[in-house]
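All values derive from a computational prediction rather than experimental measurement. For ligands, and for the atoms within them, numbers begin at 1 and follow the listed sequence.
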Amino acid sequence: MIFKQLFDNKSSTYTYIISSGKGREALIIDPVIENINEYLKTLKELDLKLVKVIDTHIHADHISALNELSKQTSCSKIMGEHSTSEVIDIKVKDNEKIKIENIELVSMYTPGHTDCSYSFLMKDKIFTGDTLLINGTGRTDFQNGNPVDQYHSLFDRILKLPDETFIYPAHDYKGNKTSTIGKQKKTNPRLQVKSAEEYAEIMNNLNLDNPKMMDIAVPANKKGLTYNDFIKLTK
Ligand code: FE2
């Protein structure tokens, strides 16, 4: 099994390259456009054929490499059915299977951070996007975010998975790479609440600044930029 967790320093995004082995089909989750050459190099070195690329949600803090990866490799672009991206080939519903050679992911609709946020379960690993972070949760104050929805996505879906399940988030700002459901239930400060109302009270009082890239990244990710579009946009 090939499992690479790559980190984008600028946006603190984690990108995942997954395959059952050298020379086989691969998929990428949450790629960042600035790092496109690193992904293509890794795929080439491992003789992988990229067949699918997934964004967990429309990102506000970086521009996705989903469209450019598809342009260069002809891989299918996948998001959840609630995505407003104009370039998605396959929009999955809740509890749908996404398959590549010897690998299967199951989609989970987990709104709250945004109304298009999905998580993806791969056996004992879950890719949580910005729904569940390590020792945190994704903010809920823009892109139709909703703390009550997020509470239910967390407590009724993600945290119902076995305690041993490994969590792989879309971001980390403190160098954490993974954790487990069991550990997060005990130690994640956002999860120590008794009700959706208590959770919403915390989330509605975070008073965070908007991400620097937000005004550029959200429309760009809806439109689906190529690398050339990205260079022109950020010149
Ligand atoms: Fe996000």
Return yes if some donor-acceptor pair links the side-chain N/O of T165 with the main-chain N/O of P162 below 3.5 Å, else return no.
yes
Between H59 and the Fe ion (ligand 1), is there a contact where an N/O/S atom of the residue lies under 2.8 Å from the metal?
no
Report yes or no: does H171 have an N/O/S atom closer than 2.8 Å to the Fe ion (ligand 1)?
no
[Y]/[X] salt bridge by N-O under 4.0 Å criterion:
| X | Y | answer |
| --- | --- | --- |
| E86 | K223 | no |
| E34 | K10 | yes |
| D163 | K185 | yes |

Quick one: angle H57 NE2 - the Fe ion (ligand 1) - H113 NE2, to the nearest 10°?
100°
Of all the N, O or S atoms in D130, the one nearest to the Fe ion (ligand 1) is OD2
